[in-house]
Amino acid sequence: MSRFWNKLVATLDPYVPGEQPRIQNLVKLNTNEHPYGPSPKVLAAIAAHTNDSLRLYPDPTALVLRQAIAKRFALTPDHVFVGNGSDEVLGHVFHALLKQDAPVWFPDITYSFYPVYCGLYQIQFRAIPLDEHFKIAVTDYLPGSVGATTAAVPAGTSASDAGRAGGIIFPNPNAPTGCANPLAEVERIIAANPDIVVVVDEAYVDFGAQTAAALIEKYPNLLVVHTLSKSRSLAGLRVGYALGHPDLIQGLDRVKNSFNSYPLDNLALAGATAAIEDEAYFETSRNAVIRTRNALTAGLQNLGFEVLPSAANFVFARHPSHKGADLAAGLRAKNILVRHFNKPRIADFLRITVGTDEECAQLLTACRELVGQ
Ligand code: PMP
């Protein structure tokens, strides 16, 4: 606390990212990074740079990257917005599109950055509880639904806005549960809310869920957000993007160009473009993660864990006779890092990133010792 902070800064409750410790021989399964590196073509594209790449400013419109992304989704570049990681894209989305008179709705158990953006941009929100299977209940997101009337109404919401959403955002698959909703359910939410923006955060979609990208031409209120951090193994390069109707993209551009004209540097632009263009590498490496996830799930179930059905590059699991915090601490003592959230309903779960086969075998051995089987 400092007397030089403004009033808003003093109220912020910032996001806390997973640890990035520099410890030797650590099995790091806590931040959903991809266990294999990016396409070799990414490294080649970055290595091919000359000193002009650093001397000159990058293209503020990131046109070449937006063209590559647009081509992959059979869209035009005016449907594509890019940013410094999807966290930055999401920040602009909250600022430009989800800050409305009525509160933004999102699940109570979800990506914990959403309420943080609301704090920064002073946006009212309403957390809609997941159902008893930790899934997003689509009917809660339809206007006039049960969810609309049972979830707590945020302070400061006017009576006329109480049952109304100003915007909706949810990840599909959800995080940290890993559970996905089928595309038909996602479409039901988009179609039922034509007058507000519905944002589908598809950070993990490539590991087993269906993307809503093909619905963009049909629904001008749909925005799909992707990242290159997960399935393209580029968390260190910081590139994310949004797909949507050009009107939505222009709104995001207005905010971006009032904030930072050059969020993507020349190395990131070249590396990200090469990653998007290498479809063969993408297919092979994401399938390797999916295979390992399925083996990891079976291994944990054999030890008595309940594992939620995952369509992501992580699993969310709990053991009936061991506390989540104790298991996380026990694993840490064995040099294995997983993510534990000390929050209502999920305090006994561990979120375990799918690592290499070897890392997952080490995790299972450690879990076997901890649960005594
Ligand atoms: N959305 C979700 C659901 C996530 O879990 C993450 C990763 N923390 C992000 C967005 C942001 O990823 P990045 O900024 O690396 O693109």
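Both ligands and their constituent atoms are indexed starting at 1 by order of listing.
- In this structure, a donor-acceptor pair under 3.5 Å is present between the side chains of Thr31 and Glu33.
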Return a table of donor-acceptor pairs under 3.5 angstrom between the side chains of residues 234-241 and protein atoms on other chains or two or more places apart.
residue	atom	partner	partner atom	Å
Arg238	NH1	Ser229	OG	3.4
Arg238	NH1	Ala235	O	3.3
Tyr241	OH	His226	ND1	3.0

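- Contacts between Ala203 and ligand 1 below 4.0 angstrom, taking non-hydrogen atoms only, involve the side chain exclusively.
- Heavy atoms of Arg238 approach ligand 1 to within less than 4.0 angstrom.
- Put simply, part of Tyr204 is less than 4.0 Å from ligand 1, judged by heavy atoms.
- Taking the charged nitrogens against the carboxylate oxygens, Lys71 and Glu277 have no contact shorter than 4.0 Å, which rules out a salt bridge.
- Atom CD of Gln122 and atom NZ of Lys99 lie 6.0 Å apart (nearest 0.5 Å).
- A salt bridge does not link Lys28 to Glu359: none of the charged nitrogens lies less than 4.0 Å from a carboxylate oxygen.
- A salt bridge does not link Arg164 to Asp101: none of the charged nitrogens lies less than 4.0 Å from a carboxylate oxygen.
- When Thr227, Leu234, Asp201 are checked for heavy-atom proximity to atom 16 (O) of ligand 1, Thr227 turns out nearest.
- Heavy atoms from both the backbone and the side chain of Asp87 come within less than 4.0 Å of ligand 1.
- The protein heavy-atom contact nearest to atom 7 (C) of ligand 1 is Lys230 NZ, 3.4 Å.
- If you check each of Gly240, Gly83, Ser86, Pro171 against atom 12 (O) of ligand 1, the one with the closest non-hydrogen atom is Ser86.
- Taking a 4.0 Å cut-off on heavy atoms, Gly85 registers as neighbouring ligand 1.
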